[in-house]
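Okay, so here's the structure we're looking at.
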Protein chains: 2
Amino acid sequence: MTAHDHANCIDRALAEAERICSQRGARLTPLRRQVLEEIWRNHEAVKAYDLIHRLSGSEHTTKPPTVYRALDFLLEHGLIHRIESLNAYVGCDHPEAHHDPVLFLCERCGDVREARHAGLIAILDEMAATQGFTIAHRTLELRGRCTRCQSPDDKDHARPPADLP
Amino acid sequence: MTAHDHANCIDRALAEAERICSQRGARLTPLRRQVLEEIWRNHEAVKAYDLIHRLSGSEHTTKPPTVYRALDFLLEHGLIHRIESLNAYVGCDHPEAHHDPVLFLCERCGDVREARHAGLIAILDEMAATQGFTIAHRTLELRGRCTRCQSPDDKDHARPPADLP
DNA sequence: TAATCCTACGTTATAAAGTAACAATAGAAC
DNA sequence: GTTCTATTGTTACTTTATAACGTAGGATTA
Ligand SMILES: [Zn+2]
Ligand SMILES: [Zn+2]
Ligand SMILES: [Zn+2]
Ligand SMILES: [Zn+2]
């Protein structure tokens, strides 16, 4: 992601989520809101078990089902996307209407960016139609390097090494 | 998949694999060949642990690393595709040249069909180019219903219930 | 031929990702 | 307030995948 005021992203995402949920009579409980907030901490793909660790204080430990249920809720309401090729999740940029985005996954910095393209969907629909296939869901993920990660040896914003055990 | 002489598919796939490997100086060992053969038993997505069970006779038990290494070899040489959204694998129809196919996954019968479309790839490349993204790999998977599985209550070729424990 | 090297395969152990089943609790509805 | 339902907690487990190291066999070389 290009440099930006990320606090804005977070505020906007949470406000949108509140709005959408109240509009649908769905309950964005504190837990669900907290998970969404953690996912929006940055624009990187987030793993379920990272969420579990982040939500587990030294006292209170959060168990897998707790997080997975929150993720299910957020997925159902289109507030996040699941990244199949990474077993990870990312906040949705445009949650107001359902969509299957193209996800650009930077394998250097971990950032995820979503895009949509009507012509692309049209081609997929046409491919499906010619063989009588009915599409229920599209998984469209592109792995590679984002703009900022083109130069192979620039270490400025490379993903930090994984947490030590 | 439409009705067809599947023995042909298997023969062709194995012959192609032999040809490609020998041409590249890669060794299609008995184990790797056996895994490929199991994957080609039909046109369905195959799970790694199913392969482990299939290769484990009552005496000789095959361990995960054995199968995963064979899968890695087959993936490297483009003889199979990994299906990210299913954690499963399927034989490649056209292994002679590298490609990232569109995979049509029938959620009723489990069949997988691969397709390619130059215009689609062009659009993805163009989307990437406009944001300075360099694509290394594409995951394109469409979940839904194949031609034969359009009528919701036709049970003729529904996937059998999972193996009992 | 024997020493060597390298690749593939075997084995043990463990990590990472996800779910089933049931109990406890907190909101909403009555 | 009581009942009902949705949400969260908890225990246990399944599925998927990898790390680390040992072994065997074929090719290469001395
Ligand atoms: Zn941001
Ligand atoms: Zn990047
Ligand atoms: Zn293919
Ligand atoms: Zn089908």
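Just so it is clear, the model here is predicted, and its values are computed rather than measured. Each chain gets a letter, A, B and so on, in the order its sequence line appears, and its residues count up from 1. Hydrogens, waters and symmetry mates play no part in the numbers below; they use all other heavy atoms, side chains included.
- Considering only residues two or more places apart in sequence or on other chains, Thr147(B) meets the side-chain hydrogen bond (donor to acceptor under 3.5 Å, both in side chains) condition with none of them.
- A salt bridge does not link Arg145(B) with Asp111(B): none of the charged nitrogens is closer than 4.0 Å to a carboxylate oxygen.
- Between dT16(D) and Lys47(B), a contact under 4.0 Å exists linking OP1 or OP2 to a side-chain N or O.
- The distance from atom CD1 of Ile83(A) to atom P of dG18(C) is 12 Å, rounded to the nearest whole Å.
- If you check distances only, the side chain of Tyr49(A) never reaches the base of dA16(C) with a donor-acceptor pair under 3.5 Å.
- One can place CD of Gln34(B) at 17 Å from P of dA8(C), the figure rounded to the nearest angstrom.
- Protein atom CG of Leu51(A) is 14 Å distant from nucleotide atom C1' of dA16(C), rounded to whole Å.
- Atom-to-atom, CG of Leu71(B) to P of dT15(D) comes out at 18 Å; the value is rounded to the nearest Å.
- Spacing between atom CZ of Arg24(B) and atom C1' of dT7(C) amounts to 18 Å, rounded to whole angstrom units.
- With sequence neighbours excluded, no residue forms a side-chain hydrogen bond (donor to acceptor under 3.5 Å, both in side chains) with Arg27(A).
- Considering only residues two or more places apart in sequence or on other chains, Arg32(A) meets the side-chain hydrogen bond (donor to acceptor under 3.5 Å, both in side chains) condition with none of them.
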Side-chain polar contacts of residues 66-74 of chain B - donor-acceptor pairs under 3.5 angstrom, sequence neighbours left out - could you list them?
none

Can you give each donor-acceptor pair under 3.5 Å made by side-chain atoms of residues 12-20 of chain B, sequence neighbours left out, with the distance rounded to 0.1 Å?
residue  : atom : partner  : partner atom : Å
Glu16(B) : OE2  : Arg19(B) : NE           : 2.9
Glu16(B) : OE2  : Arg19(B) : NH2          : 3.0
Glu18(B) : OE2  : Arg33(B) : NH1          : 2.4
Arg19(B) : NH1  : Gln23(B) : OE1          : 2.9

Protein-to-nucleotide contact annotation, 5' to 3' order, nucleotides 7-12 of chain D [B base; S sugar-phosphate only; - none; under 4.0 Å, heavy atom]: SBBBB-
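- Stacking here means ring centres nearer than 5.5 Å and ring planes tilted less than 30 degrees, and by that measure Tyr68(A) does not stack onto dT19(C).
- What separates NE2 of His53(B) from C1' of dT16(D) is a distance of 11 Å, to the nearest Å.
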Check against ring-ring contact (aromatic ring centres under 6.0 Å, His included), His43(B) and His4(B): CA-CA 11 Å; His43(B) 289 271; His4(B) 66 288; 4.8 Å; yes
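- Atom CG of Asn87(B) is separated from atom P of dG18(C) by 8 Å (rounded to the nearest Å).
- In this entry the distance linking CD of Glu84(B) with P of dA17(C) reads 13 Å, nearest Å.
- Residue contacts for Arg33(A): at a heavy-atom cut-off of 4.0 Å it reaches no nucleic acid atom on any strand shown.
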